[in-house]
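Contents: one structure, followed by commentary.
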Amino acid sequence: MEMQQVRYFLALARVLNFTRAAETCNVTQPALTRAIQALEAELGGKLFHRERNQTHLSELGRMMLPYIQSIQAQADAARARAKSVGKMKNVELKLSAMCTLSPALLSNFIVEFKRNNAGIDLAVSDVSAKQLFHKLSAGERELGLVGSAEPIDERFHALPLYREKFVVVLPREHRLANRPEVHVADLEGEPYVNRMNCEVMDFAEQEFARQGVSVRIVFRSERDDWVLNMIRSGMGWGFFPEAYIFPDDVVVKPLISPEFERTVSLVTVRGRPFSPAVGAFVKAAKSFTWPGDRAPAMRAA
């Protein structure tokens, strides 16, 4: 069933006159008649009965009317939706954010973007790095916000937004809590509370091993709030990005010799065309003033 046939059928069902229906559709009467006949052949029966100067729907025509009206309504809705996407009205932009990113550094950008693009709504899913790249590849998400200490896979295009260093988070009574900074060597033998989604863990483990520093993992979790609660209870030290919003009852110190850092980037699938909403988001990210390498003040004991 072609959309042209749908339009002709509905016009004829409305006015019940071939001549007026053809005029309404801006076609000749023979063209409209051929289209109706082709539709009747497809559906297997007469849709209209013509009796002298009167035309009326057949039983099959009455049966088909709501279905064909539904087809037209869906087509109209699809066209309206396509126009709204082009004009970026009532559009939902789906993106994934790596679960270890701090909303504190992203919220100002999100608020400014919404203020300048009122017709675009945002749906953000909180995922691991592996899940994020899978969702992008599968087309389930259009954009990703990811923190990484290593180059992004070539399948994806990454727009770097800002860099942030990693810090040591300690219980208040920890022996290192009064140091101005913590060296990797200072952590020898210290019980460690592990964030399982930590982006720099592989690199950190290599550096710790190079310096002959051994730590004992006493607790592991994918959830940062669990890790922080174990730290504040005195179980051990943790390893966090500096922009995280820490509770008042833990101590945050710079980690040096060496420092560890990650780059937070906006990621899209390389070569995949942007929708207007994605293009607006990328453009806004490029023009936004990100925090750069500035670090928040460390929290002392």
Side-chain angles (χ1 to χ4, degrees), residues 1-96 113-125 134-144 155 157 268-285:
M1 186 181 302
E2 299 177 358
M3 288 308 302
Q4 179 178 309
Q5 293 172 325
V6 168
R7 188 163 65 93
Y8 292 173
F9 171 86
L10 292 177
L12 185 55
R14 186 170 59 253
V15 300
L16 296 177
N17 182 285
F18 276 80
T19 301
R20 291 206 306 274
E23 292 172 351
T24 300
C25 297
N26 198 29
V27 295
T28 64
Q29 182 177 328
L32 184 136
T33 300
R34 286 194 297 271
I36 295 297
Q37 289 171 343
L39 183 58
E40 289 175 331
E42 181 180 344
L43 295 178
K46 287 287 186 178
L47 296 171
F48 296 91
H49 291 306
R50 300 177 72 172
E51 298 174 354
R52 298 183 180 180
N53 294 328
Q54 292 184 340
T55 299
H56 58 86
L57 283 164
S58 67
E59 182 178 353
L60 177 62
R62 289 193 299 272
M63 187 183 302
M64 290 295 102
L65 179 59
Y67 294 102
I68 296 177
Q69 287 173 327
S70 175
I71 292 171
Q72 183 65 60
Q74 291 180 29
D76 292 342
R79 280 192 291 269
R81 182 62 175 163
K83 288 179 181 179
S84 71
V85 169
K87 295 177 181 178
M88 293 193 294
K89 292 182 179 180
N90 301 317
V91 176
E92 184 177 69
L93 180 57
K94 297 180 179 180
L95 61 125
S96 289
F113 174 78
K114 274 294 297 175
R115 184 166 55 243
N116 296 327
N117 298 273
I120 302 177
D121 297 325
L122 298 174
V124 182
S125 60
H134 171 74
K135 287 180 178 294
L136 285 176
S137 296
E140 297 175 18
R141 290 293 183 269
E142 300 169 271
L143 290 162
R155 293 175 299 159
H157 179 268
T268 55
V269 177
R270 191 178 295 277
R272 184 175 294 172
F274 284 173
S275 69
V278 170
F281 197 88
V282 172
K283 182 179 179 181

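FYI, the numbering just counts along the sequence from 1.
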Worksheet item: Does atom CD of E42 have more than 12 heavy-atom neighbours, drawn from other residues, nucleotides or ligands, at distances under 6.0 Å?
Response: yes

Worksheet item: After noting the C-alpha distance and the side-chain angles of Q74 and S70, does the key distance pass the side chain to side chain donor-acceptor pair (under 3.5 Å) rule?
Response: CA-CA 6 Å; Q74 291 180 29; S70 175; 3.3 Å; yes

Fill in: Approximate separation, where rounding is to 0.5 Å, of H157 NE2 and T268 OG1
6.5 Å

Worksheet item: Is atom CD of E2 surrounded by more than 12 heavy atoms (other residues, nucleotides or ligands) closer than 6.0 Å?
Response: no

Worksheet item: Which value, rounded to the nearest 0.5 Å, describes the distance between T33 atom OG1 and L12 atom CG?
Response: 8.5 Å

Worksheet item: Under 4.5 Å between any side-chain heavy atoms of K114 and D121, yes or no?
Response: yes

Worksheet item: How about L16 and Q54: do any of their side-chain heavy atoms sit closer than 4.5 Å?
Response: no

Worksheet item: Minimum heavy-atom separation for C25 to L32, with atom names?
Response: SG-CD1, 4.4 Å

Fill in: L43 side, atom CG; M64 side, atom CE - distance, nearest 0.5 Å
6.5 Å

Worksheet item: When rounded to the nearest 0.5 angstrom, what is the spacing between CE in M63 and CG in L57?
Response: 12.0 Å

Worksheet item: G44 and L60: which non-hydrogen atoms are nearest, and at how many Å?
Response: C-CD2, 4.4 Å

Fill in: Residue pair F9 / G61: nearest heavy atoms and the distance that separates them
CZ-O, 3.8 Å

Worksheet entry | Note, R270 side chain near R155 side chain (heavy atom, < 4.5 Å) | no

Response to the item:
Minimal heavy-atom distance between A280 and N117, with the atoms involved, is CB-OD1, 3.9 Å

Worksheet item: Would you say the side-chain atoms of T24 pair up with the backbone N or O of A11, donor to acceptor, closer than 3.5 Å?
Response: no

Worksheet item: Hey, does M1 have a side-chain heavy atom less than 4.5 Å from the side chain of I68?
Response: yes

Discussion item. With rounding to the nearest 0.5 angstrom, report the OG to CZ distance, S96 to R141.
Written reply: 4.5 Å

Discussion item. Could you report the tightest heavy-atom contact between Q5 and A35, atom names first, then the distance?
Written reply: NE2-O, 3.7 Å

Worksheet item: Going by heavy atoms in the side chains, are V27 and Q4 under 4.5 Å from each other?
Response: no

Worksheet, complete the sentence: Heavy atoms of E140 and K94 approach each other most closely as O-CD, 4.1 Å

Discussion item. Could you work out, with ring-ring contact (aromatic ring centres under 6.0 Å, His included) as the rule, every residue matching H56, not counting sequence neighbours?
Written reply: H49

Discussion item. Do F281 and E142 make a side-chain contact, defined as non-hydrogen atoms from C-beta onward lying under 4.5 Å apart?
Written reply: no

Discussion item. Measuring from atom CD of Q29 to atom CZ of R20, what distance do you get when rounded to the nearest 0.5 angstrom?
Written reply: 11.5 Å

Worksheet item: Do the side chains of L136 and R272 get nearer than 4.5 Å, heavy atoms only?
Response: no

Worksheet entry | E59 atom CD: more than 12 heavy-atom contacts under 6.0 Å | no

